[in-house]
Amino acid sequence: LTPQPPAPHPDTRPTSHPTGIALALLLPGAIALLAFVTDLEGRPGPIALYVIAVVLSTYGGGLVAGVVASLASFVSLSYFFTSERHGFEFPGTTVFALVSFLAASLLVAGLLARDRRSLDRYRADASTLGLALGVSGMGAWEWLPESGRVMLSPEAGLLFARSPSPVGETVEGLLALVHRDDRPAARAAVDSVLAGGGSVALEMRVRVPRGGARWIEVRGDEMPRRRGGRRSRERRIVGVIADVTDRQARVRAREHELAEIVAEHGLLASVLEQMPIGVTVAGAPDGTVLLDNRAGVAPDGEGAAAPGPWRAGAVFRPDGGPVAERELPLARSLATGEVVRNEMLEVRAPDGSARAFEVSSAPIRNGAGEVVAGVVAYADVTDRDRLGRERHFLSEVSTVLYASLDFRVTLARIASLVVPGLAEWCAIDLLEEGEIRNAVVHHRDPAMVERALRYRAEQQLEPDASAGIAAVLRTGAPELYPRVEEAIARAGLGDDAAATARKLRLRSVMIVPLVARSVTIGTMTLATTEGGRTYDEADLAIAEELARRVGLAVDNARLVEEQAAALTAADEARRSIGRLQAVTEAVSEAATRAEIAKVLVREGLVALRAQGGAVFQLVSGGEELECLADAGYPDSVRESWLRVATPGSGPVGEALRTGQPVVISSAGDLAARWPELAAIQSGVPDETTITTPLVVGDDRIGVLHVAFRTARTVSEEELRFAQTLARQCAQALERARLYEEERDAREQAERLAARLRRLQTVIDATFASGTVDELLARLLSRLRDAVESDTAAILILDEKEQVLVTRESIGYDTPLISQVPVGHGFAGTIAATQQQRVVPDTSQIEIVGAQLRESGVVSLAGAPLISEGRTIGVVHVGMRTSREFDREDLLLLRLVAARAAVAIDRAQVHEREHGIAEILQRSLLPERLPVLAGVEAAARYVPGAHGIAVGGDWYDVFELEDGAIGVAVGDVVGHGVRAAAAMGRLRNVLRAFATEGFGPAETLARLNRLACEAGADVFATVVMVVIEPSYARLRMAIAGHPPPLLRRPDGTVVLLEAARSLPLGGVPDAPYEDATMELEAGSTLVLYTDGLVERRGESIDVGIDRLVRLVEREPAPVDELADRIVEELEYAAHTDDVALVAVHLEALRTPTLSLRFPAQPEALAPLRARLRAWLVAHGADDDEVFDILVAVNEACSNAVEHPVGRADGAEVGVEAALTDGEISIEIRDQGRWKPPGPPNDRGRGFDFMRALMQDVEVGRSPDGTHVRLRRHLRRSTA
Amino acid sequence: MEAGIDSLGESIGATAPVETRWPQPLTAVVRPVVELDVNTAVDLRRALFGAIEAGARLVVVDLTATTFIDSMTIGILLGAVRRLQQQDGELRLACADTNIKRIFEITLLDRVFAIHPSCEAALGSSVSS
């Protein structure tokens, strides 16, 4: 404001100042009063003088002068009065008084003069100031706080609407004029001054007459007290006062404007505050935030200054890519004026939690179209987004879950689905056989997976741990560790888990239980690593939902797998038998021992999944072992094994000694049992071994050795398999040995024959057919003639007794019956030494049999009969006269010996072959029949009663994959090993075709084509029957075979003669046809070979008739029936062998369907599809299928929609069964349905069920509700 | 074993939306999915009532491709008939499947719904009371 002018004294301008005028009027009055007082007292009064002095002094010179003057007056007056009163008259008194008065007057005059000067100056100043003040519209004021007086200049007075008052105003009086609203402030200012405060500055309204108010500004300051000054002892506040009404009006206008803006702004802001989306207005070009709202605060709550989508470095695209600052929507709008609509961005808080925003932005342009600001709006769509993603994710999961029945595949897919959307790591652990087993670990980087698996392998899962996988498995309660580090710090994780978590730099982990049927079957662990997101409860909820579905799927898959495993086990058993058959077949066709051994080692290794194997055979009379075949050993070992001395100890020695298999569990076990073998065994990489002796009759001819390279346990089955293999091997080796001997002998014989021809012998003539005995007799006769001896004899070695028994002799008086122990006498020595021997004089040697000497024989020549290196007998010629046998004689002797050996061997081969063939045949027939639910089966094989020939009869009973049963009986024409082998092949191939799914006719047609191939050389009859899975019908085809019998439950027997065609191996394209026959529970089917019904001199029809009657008489059980049939046969003199199979159907099988599905509407369509397929497969016609589907769908809809009090994750079970043509379907759920209300859709649902099904039954139990629907099918077939 | 415990392998989920077309003003043809059940009910209801809201006075529900319906579907159709009747509108069904027709017969609803053998027939027949 204006500089403060010097304070004008109110009296200095009497012309204009009211106080001055008042004083001018008062003074004459006062003087008159003084005169009066003086008169009253009778003396021109000192009091009057005093008063006049004081007044004048004060008026003229100010307070100090007045005081001095009055003091002087007082002193003089006092003196005057005192002297008078005491009678003492001081002569100078009057003078003194006058002097004093004069002095005082002078003083007053002087003072007045001075005052006048200053007054003039002051007047000049005041007029200047007054002018200035008047110009500025201001007034001046002075306030004496102590006296409460306020002097106002006329201008000031006008402002207060007061006429000037010489005595001034009071503060209270002025305050009363102040506007009520401003009065407190004014009083506060007053109080502040009174309390000692120096300055005043305030604006206030004062009332003016005729209403209204004016704004005044009051400013003032305390006058500084002049140092040493005699005046101004009193505090003086002086100041100016101005009318500011106009200015205030302007200010008010502006304030109003501001207030409006503020109000508007406030409205916008408060509207924005209420909005669920974040809005930020930012100025161009730098993006200074002008306005934003609370919803725009970053999700981490870090403050509005950094609204989420506006902070670079924390913003990512949905695909995870970071968004640079200039790519932010607002920045783009500011920079280019781009309008961004609904762009999805993800904002990550420092703690890793992420929120999704839908962001839109637009530029704000001024009139010139320039971008001056931008506005960005961002909605937090985390939950919506999450919901959408969750739904999508879970639907994907559902798709995956039900895509494969192999739950390991499924789990792997789930894990790869979870990563990277929900987690960076996903591990699924399952509780299997009481152990926690990791099923899946997934990470984007396979190397990381390996690392994790390694850590996992090192880590021991404590089953009693208070946290982690084991705890979740135990308690079924999920665990959430938003910050793994914190959990570790709180010691909430085990040491191992903590170590693993640190190694993998895990940030956030969730472990959720996989639950199925209320049992925790495993866990799913989801984790993110440092820098990744932090899980929250919502993530846990998804994980739990996921785990729930996975649990269900795993459980389902496990049930399926268990079922499959059961089927596989059955299949395995079947395959094992098949393998044995394959081995048998391969072996039966292998020609040499080496080939046989090779086949066995190969098949044995495959079947037992072994890594090493060998077959050793005893040679050199048991002294040595020869390795016939080996596999899986290094050359060094193989070479050392070629031929070794038979060990007395070790597994081989032990097996040979005891005749029992020897199992060594590991190399350590071997070393412990036979320490001495350690050196020999070095270099042999075996751990677990099975050494099985090869036994023929009572002889041990070698060992079969099977080895595993890792220590393991050998199961009963494996041991049994090894033994079976060894048995096969032994038989085959023995047979091969016989064949080889025969072959060698034949070759030798051929050489002999050639030589004999060259020698022009007549021995050939003796090679006529006949019995062995006849042959030997002829041979001896020829020999005697050829060498011109007197006698000849052949002795055969009885190996058991080790004696030579004379088989044939000529030239003796009585046929020789001597028995010569090996090593004794003439023949005994030959047998022992295997050397020819010539004895010119028998008296010189030991002769065992007395007969020889008694017959007069003096010279003897003999040779051993050798077969396969073994002595089987001795032939010798004798002379009653002493004679030297020459080379020719000895040659002839050897030739005859060889021939005889062959003949004898042949006979023995025949005998043995019969045995082998029978063994082979039995081994080719099923060891036991399969155990089938609802079916009893019995089979018999009876070898031919006469002759050594073995037939090719066979039978087979097997279950097919779909539950159907295959039954076949056949007869291969021919006998012996070849027929048996062909039979085995036929049987295997038939089964293979049937397994492939070919029906009987197609199977036989294919078999026929094989049999007709060049070289197959098979001619056979077969009947094949397939009983369908329901057992309600059979299909069959016959290739030249007698017809099967069917005994119905009522006891009638029918011959199944349809579908007969030609035998196999006759006509390449012979037609075969299927015939079908309905079956009933209690039916019995009998298949047989012609040996059962054919008798010499009798029509086969008679035999069949007899069988029919017998079957009519003898009902099931089939075991007894089979026995009875065989007994009957025993009475008859049957010649051919016989195979027989009887099958009794106890009950037809009930087809069932069992489904479970989650109680969700989406499951209904797949359910219907499954049910439809099943119904169609079981003979429901189109209408029936539709009706049943509608009814079942209604029941399921109830279960899906209506149950109340149902837990999430509930399931609905549907069980369907077809019994005696009636479909029965039960739908179960885990909830209670709402009580039936007024007719509505659901009520209609029940109407549907009742209308479409024959029986509807609803039951409720605490466990849930079930509906049973029944309906008869018009036609029911399997 | 025919089945044992089995799970539903088919993909559970996505249902095709119901098609609605407007061959003429005020006439809507609603063609739902192949199988109509609880799962598709919402879509069907939305389509039907959406068409009515949009002003359709003749709604033809084309069931010629439909092979399965349930009680909820019928409930929705009845609801649509009632709504249309309030607005003097009409609902017609095009259905050739004898099984589905039988369902309408069983529930005596063949008296409520005008059932035509084809969509064209449903559209072509004159408006009757």
Side-chain angles (χ1 to χ4, degrees), chain A residues 395 398-399 401-405 552-553 556-557 559-560 563 567 962-963 1029 1149-1158 1160-1170 1174 1177-1178 1182-1183 1185-1187 1189-1190 1193-1194 1196-1197 1200-1201 1213 1216 1218 1240-1248 1251-1252, chain B residues 1-17 32-46 48 63 65-82 95-110 112-113:
Chain A
S395 97
S398 290
T399 310
L401 281 181
Y402 294 101
S404 166
L405 274 182
L552 192 59
N556 265 339
L559 287 171
V560 170
Q563 205 175 17
L567 289 174
D962 59 357
R1149 227 189 280 183
T1150 304
T1152 61
L1153 174 73
S1154 178
L1155 295 168
R1156 283 196 298 160
F1157 63 94
Q1160 296 166 355
E1162 308 92 82
L1164 291 176
L1167 165 78
R1168 291 195 299 269
R1170 292 294 288 267
W1174 185 82
H1178 291 92
D1182 194 38
D1183 293 1
V1185 168
F1186 182 85
D1187 291 358
L1189 285 184
V1190 169
N1193 182 72
E1194 292 301 330
C1196 290
S1197 297
V1200 166
E1201 276 213 312
L1218 173 59
N1240 55 10
D1241 296 351
R1242 286 294 131 226
R1244 197 171 297 116
F1246 273 103
D1247 292 345
F1248 275 26
L1252 298 170
Chain B
M1 309 311 108
E2 193 66 24
I5 300 294
D6 212 333
S7 65
L8 295 167
E10 291 81 356
S11 60
I12 290 176
T15 55
V33 291
V34 174
E35 298 201 356
L36 294 173
D37 63 5
V38 175
N39 193 35
T40 61
V42 177
D43 291 335
L44 178 65
R45 189 192 299 273
R46 193 179 295 139
L48 276 177
L63 296 175
T66 301
T67 59
F68 186 87
I69 65 172
D70 73 344
S71 59
M72 184 167 275
T73 306
I74 290 193
I76 291 165
L77 293 175
L78 278 175
V81 164
R82 266 183 233 120
C95 175
D97 189 305
T98 52
N99 282 322
I100 293 180
K101 277 199 278 195
R102 197 151 46 80
I103 288 291
F104 285 106
E105 283 157 22
I106 287 170
T107 50
L108 303 180
L109 291 172
D110 53 339
V112 177
F113 298 109

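Numbers restart at 1 for each chain; the letters A, B, ... are given by sequence-line order, proteins then strands. Heavy-atom basis, side chains included; hydrogens, waters and symmetry copies ignored.
Side-chain contact between B/E35 and A/L1164 is absent, with no heavy atoms from C-beta onward closer than 4.5 Å. The shortest distance between side-chain heavy atoms of B/I103 and A/F1186 falls below 4.5 Å.
The side-chain contact (heavy atoms from CB on, under 4.5 Å) test with A/E1162 is passed by exactly one of B/D37, B/N39, B/T40, B/V38: B/N39. Checked against B/N99 for a side-chain contact (heavy atoms from CB on, under 4.5 Å), the options A/V1185, A/D1182, A/V1190 give a single hit: A/D1182.
The line from CG of A/L1252 to CZ of B/R102 is 7.0 Å long, rounded to the nearest 0.5 Å.
Nearest approach of A/F1248 to B/D70, heavy atoms of both residues: CE2-C, 3.9 Å.
Both the backbone and the side chain of A/L1189 come within contact range of chain B, each with at least one heavy atom under 4.5 Å from a heavy atom of that chain. Contact of B/L78 with chain A is made through the side chain alone, with heavy-atom distances under 4.5 Å.
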